[in-house]
K.L.:
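Next up is a structure, given as structure tokens.
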2 protein chains.
Amino acid sequence: MAQVETVLAKKLNTFVRLSPDEMACLASLQSRRRSVSALTEIVYEGQTDHRAWILQEGWANCYKLVPNGGRQIISFPLPGDFMGLRSVLLRTSDHSFASLTDAVISEVSRQTLAEIFRQFPRIAIAILWATSRDEAMVVEHLVNIGRRDAIERLAHLFLELGHRLKMVGLATSEGFACPLNQYVLADALGLTAVHVNRVLRQLRERRLITLTKRQVIIQDLPGLRALAGYDSTYLNGGIDGT
Amino acid sequence: MAQVETVLAKKLNTFVRLSPDEMACLASLQSRRRSVSALTEIVYEGQTDHRAWILQEGWANCYKLVPNGGRQIISFPLPGDFMGLRSVLLRTSDHSFASLTDAVISEVSRQTLAEIFRQFPRIAIAILWATSRDEAMVVEHLVNIGRRDAIERLAHLFLELGHRLKMVGLATSEGFACPLNQYVLADALGLTAVHVNRVLRQLRERRLITLTKRQVIIQDLPGLRALAGYDSTYLNGGIDGT
DNA sequence: CGCTGGTTTGAAGGTCGTCAAGAAGGGTGG
DNA sequence: CCACCCTTCTTGACGACCTTCAAACCAGCG
């Protein structure tokens with residue numbers, strides 16, 4: 001098997017240095033690829049399947065609908081992230097995953113996962129780290145919505161997305177491609193689309209960050225960090241990394 | 001060892017029916033008890049210890065401080081709940097746990113946990129279920145703050161607390177003892193104490209629920225559920241249970 | 001070229017925060 | 001036993017942030 005560094009491997013490499021064997025294992029884990037178009041449900045609330053997915057290309061979102069008609073976006077899975085790993089072990093999933101763009105995903109069955117965990121314990125550790133990071137992101141998201149105002153929330157979200165995309169080679173310090181529209185941003189941040197629009201304008205006018213044509217352009221990284229009170233330790237578990 | 005049903009066993013019993021052996025194992029797991037007074041830090045942000053705790057008596061809270069001086073409460077561990085289980089496996093903890101009242105806790109080391117998992121796989125499953133439920137609660141908390149207004153948030157929080165306390169025999173359908181003051185409620189719900197006060201009055205005037213003298217009195221359970229859009233499936237993983 | 005999804009902007013109003021101060025309770029010490 | 005704390009609760013006034021409603025605009029696409 002050709003020595004390809006998958007997005008997952010790239011991400012896990014920031015936590016543990018993987019051997020060629022382990023990289024190959026990860027590559028084979030992700031060999032069963034499948035394309036889905038934008039806005040496809042991948043894991044739905046109440047599902048009892050013991051399957052999970054790895055997002056290979058494109059963006060997705062994990063959300064929960066509330067009875068009054070609203071939607072709260074919990075997280076944005078990016079390439080290299082797992083989706084629905086919780087439902088592999090037990091429980092029916094209590095939230096849904098859907099693609100936001102055209103995407104490529106690969107299936108992970110309970111069996112293959114168990115097999116890999118037996119053969120490659122270091123990969124198991126690395127995946128545990130990744131899921132632990134995912135939980136930390138949900139917690140930080142909670143803090144973001146609970147204790148920051150609109151402009152800080154947006155700044156924080158963009159900083160986190162930039163950081164994560166950088167890990168898998170999809171962002172630079174200058175910016176990144178971002179398919180999120182203002183409705184999606186609103187549903188993620190507990191705001192309305194109209195207000196997101198106004199706040200984006202503020203960020204633009206203050207020359208901090210600009211979102212145009214599905215492209216985020218970071219103009220003042222230190223300024224953004226200061227504004228959002230951004231501390232990225234929750235993303236790398238205390239191990240430095242911008 | 002006397003056949004005591006610990007709070008933890010009571011909670012896990014709602015998920016899997018435990019055998020006497022397993023109950024005894026859980027009892028011994030929690031034998032190293034320790035008292036702490038109110039407002040004691042149990043797990044602090046940045047801690048690298050490989051220890052976790054089980055809350056036996058009293059209330060605690062898990063929170064994160066933000067640079068601008070605020071505090072966001074992530075969750076309220078109740079008797080029978082784990083605290084800091086994440087930091088047992090890996091990562092430094094990225095949030096803190098502290099007691100809210102005088103409390104009794106018991107330490108769980110990585111070794112004993114590993115030992116139990118080896119000997120009693122069904123307990124392992126049950127504990128996995130419990131941590132999975134904890135994550136689901138954080139997600140629901142996120143939805144609560146992101147997509148509900150103040151009165152709905154409070155109603156939802158009280159319904160969840162009542163449900164969880166009932167599992168360990170500390171609540172009835174009529175109400176429960178609740179040591180949370182309005183500042184704590186505010187920090188949990190992304191509000192201010194002043195506004196919490198006003199909203200509590202509304203709940204009282206609408207004869208839905210009353211909080212007086214550290215005591216929650218539920219006056220209209222169906223009304224509360226309707227108001228909050230409360231769906232408890234996230235607490236029991238699809239397995240019925242009020 | 002008209003449709004559709006997304007962005008932008010204005011006006012008006014409501015929820016919630018801020019500031020401030022008083023009341024109510026519980027504990028402590030004189 | 002009362003005076004004097006302290007913490008917590010309560011209420012009012014005012015303003016800011018954010019929502020709601022509405023409409024115009026723009027770009028891509030069939």
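Proteins get letters first, then strands, A, B, ... in listed order; numbering begins at 1 in each.
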K.L.:
So if I take residues 144-151 of chain B and measure heavy-atom distances to DNA chain C, which residues fall below 4.0 Å?
P.N.:
B:Asp149, B:Ala150
K.L.:
Would you say A:Ser232's side chain and A:Leu235's backbone share a donor-acceptor pair under 3.5 angstrom?
P.N.:
no
K.L.:
Taking any atom closer than 4.0 angstrom to a non-hydrogen atom of chain B, what span of DNA chain D does the protein reach, first nucleotide to last?
P.N.:
D:dT8 to D:dA13
K.L.:
What residues form a salt bridge (Lys or Arg N to Asp or Glu O under 4.0 Å) with B:Arg33, not counting sequence neighbours?
P.N.:
B:Glu57
K.L.:
For A:Arg147, enumerate each residue passing the side chain to side chain contact (heavy atoms under 4.5 Å, CB included) test, keeping only those at least two apart in sequence or located in another chain.
P.N.:
B:Val66, B:Gln72, B:Asp187
K.L.:
Do any N or O atoms from the side chain of B:Arg148 and from the backbone of B:Ala228 form a donor-acceptor pair under 3.5 angstrom?
P.N.:
yes
K.L.:
Checking the side chain of B:Arg153 only, and the main-chain atoms of B:Leu189 only, is there a donor and an acceptor separated by less than 3.5 Å?
P.N.:
yes
K.L.:
Taking A:Phe76's backbone N and O only, do any of them form a donor-acceptor pair with A:Arg164's side chain (distance below 3.5 Å, no angle check)?
P.N.:
yes
K.L.:
What residues, two or more places apart in sequence or in another chain, satisfy side chain to side chain contact (heavy atoms under 4.5 Å, CB included) together with B:Lys11?
P.N.:
B:Leu8, B:Asp81, B:Ala130, B:Arg133, B:Met167, B:Val168
K.L.:
Just to verify, what does B:Phe97 make a ring pair (Phe, Tyr, Trp, His ring centres under 6.0 Å) with, not counting sequence neighbours?
P.N.:
B:His95
K.L.:
About how many Å separate CG of B:Asp231 and CG of A:Asp94, when rounded to the nearest 0.5 Å?
P.N.:
9.5 Å
K.L.:
Between the two end axes of the helix from C:dC1-D:dG30 to C:dG30-D:dC1, each built from 5 base pairs, what angle do you get to the nearest 10°?
P.N.:
30°
K.L.:
With distance as the sole test, does B:Ser99 use its side chain to make a donor-acceptor pair with the main-chain N or O of B:Glu41 at under 3.5 Å?
P.N.:
no
K.L.:
Just checking A:Arg198: base, sugar-phosphate only, or nothing, at a heavy-atom cut-off of under 4.0 Å?
P.N.:
base
K.L.:
Starting at the 5' end of DNA chain C, which residue's closest nucleotide do you reach first, B:His195 or B:Lys213?
P.N.:
B:His195
K.L.:
Tell me which residues in residues 181-192 of chain A put a heavy atom below 4.0 Å from DNA chain D, sorted by number, or none.
P.N.:
A:Gly190, A:Leu191, A:Thr192
K.L.:
How would you give the extent of chain A contacts on DNA chain C, as first and last nucleotide 5' to 3' within a 4.0 Å heavy-atom cut-off?
P.N.:
C:dG6 to C:dA11
K.L.:
Please report, to 0.1 Å, the donor-acceptor pairs under 3.5 Å made by any side chain of residues 200-207 of chain B, with sequence neighbours excluded.
P.N.:
none

K.L.:
Determine all donor-acceptor pairs shorter than 3.5 Å in which one atom belongs to a side chain in residues 169-184 of chain A; sequence neighbours excluded.
P.N.:
residue: A:Thr172; atom: OG1; partner: A:Glu174; partner atom: N; Å: 3.0
residue: A:Thr172; atom: OG1; partner: A:Glu174; partner atom: OE1; Å: 3.3
residue: A:Ser173; atom: OG; partner: A:Lys166; partner atom: NZ; Å: 3.2
residue: A:Asn181; atom: OD1; partner: A:Tyr183; partner atom: N; Å: 3.0
residue: A:Asn181; atom: OD1; partner: A:Val184; partner atom: N; Å: 2.9
residue: A:Gln182; atom: OE1; partner: A:Asn197; partner atom: ND2; Å: 3.1

K.L.:
Look only at the side chain of B:Ser35 and the backbone of B:Val104, and say whether a donor-acceptor pair between them is shorter than 3.5 Å.
P.N.:
no
K.L.:
Can you list the residues that meet the side chain to side chain contact (heavy atoms under 4.5 Å, CB included) rule with A:Leu39, with sequence neighbours excluded?
P.N.:
none
K.L.:
Within the structure shown, what part of the strands sits under 4.0 Å from B:Arg153 by heavy-atom distance: base, sugar-phosphate, or nothing?
P.N.:
nothing
K.L.:
Kindly determine whether A:Glu160 and A:His141 satisfy side chain to side chain donor-acceptor pair (under 3.5 Å), including the steps that lead there.
P.N.:
CA-CA 10 Å; A:Glu160 182 188 295; A:His141 194 171; over 6 Å; no
